[in-house]
Amino acid sequence: MTEEANGMSNSSVQISLTKFGNDDQSDPSLPSKEEDKLQFDSRLSFHDDDLSSLLECSEHAVAPTELVLAPVDLHRRVIKHRLADENRPRDSFRLCKPVDVATELLEAKTGNQPGTADRIDRLPLLEEILQQHTEVADRFQLVFGASPADSVKLIEQTRTEVESITGYHPERIEEFRNWCQKQNGPLGADGLDLLTATVELERQLRHQTTRVTSKEALVRWACREVLECDGDLWEQRFPTIDRVWLCGASTVSASLADFFTCLLTTTDVDVQIYVRNTSGTLIRQRLPQLLGIEAPGNEVFDVQ
């Protein structure tokens, strides 16, 4: 395949992922859980007021009441600086990343800190799989044109995006598959090959390492554990938390949405989301659609 053709194929893949991720996937023929939706709406809030709502919760406290999830170090530093500049106490705040919370929950459950494979770890494992597993390699080659083993960085990026959009949840995987089948031309065909190959690639990856394959997978595992004990694990580890805040995120992955669903279903905490001007509208529209899925954190693979 020529470089131009390969570029066109890559473009159709990105269009498939972007369009599916932004389209309204709700099926009007399915009965809605109005009680769940009303409960979630009453305990889920969006903010775009330059952190003032968060800072107003600052107070002296024996233990934190505000769990602030800020995935990027810069955003945690900004919050700390704002608290310092306004001479506000930090006792009521706990600032961390979503994966830190998942790790603490799982450590409390298992007694051990779970190991996680990062991108540097995954790349050689993926390359080995793509060299050996013909079905996966063939489907990726249909989409990208070049030898999959030579395109491992692009395939890792695609794997990450599919995971972010679906969280490998059976319902979302099926929604993605149905969406692809309704599209005409390469948009649907490439998307379907991409989905099939990526799910099987993740399945093979889990046979290649004893570590959890990503931070997102760790969050989903924590969801399943909290859900299984009906929130007791959360209460054990974070008994004083009243609110969970998400700050500095330009998007909300399916795995993080499942985590919020898990909290809203099994605990009394409220969820507060800070949104940016550029991405806020999309998050406000999409997040309520992602919440409330049955069995949040569930995957199409055998669970941990």
Is the backbone of [Y] close enough, under 3.5 Å, to the side chain of [X] for a donor and an acceptor to pair up by distance?
X	Y	value
His169	Glu294	yes
Arg177	Arg172	no
Gln289	Gln285	yes
Asp150	Ser147	no

| query | Less than 4.5 Å apart, any side-chain heavy atom of Leu287 and any of Phe46? | reply | yes
| request: State, yes or no, whether a side-chain contact exists between Glu107 and Asn112 at a heavy-atom distance under 4.5 Å. | output: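 No; the side chains remain at least 4.5 Å from each other.
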Going by atom types only, do [X] and [Y] share a side-chain donor-acceptor pair under 3.5 Å?
X	Y	answer
Ser255	Arg220	yes
Glu216	Ser164	no
Trp221	Glu225	yes
Gln208	Gln204	no

| request: Give a yes or no on whether Trp245 and Ile241 share a hydrophobic cluster (residues Ile, Leu, Val, Met, Phe, Trp, Tyr; joining criterion: side-chain heavy atoms under 4.5 Å apart). | output: no
| said: Are Leu51 and Val275 linked, directly or through intermediate hydrophobic residues, by side-chain heavy-atom contacts shorter than 4.5 Å (ILVMFWY only)? | reply: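 In one cluster with Val275: Leu51, no.
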| query | Charged N to carboxylate O below 4.0 Å: is that the case for Arg284 and Asp48? | reply |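 Yes, this pair counts.
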| message | Once side chain to side chain contact (heavy atoms under 4.5 Å, CB included) is applied, do any residues pair with Glu156, and if so which ones, sequence neighbours excluded? | response |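 By the side chain to side chain contact (heavy atoms under 4.5 Å, CB included) rule, Glu156 matches Arg119, Arg122, Leu123, Leu126, Arg159, Thr160.
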| query | Should the ring pair Phe301 and Tyr168 be called parallel, tilted or perpendicular, given that the plane angle runs from 0 to 90° and is split at 30 and 60? | reply |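 Answer is perpendicular, since the angle exceeds 60°.
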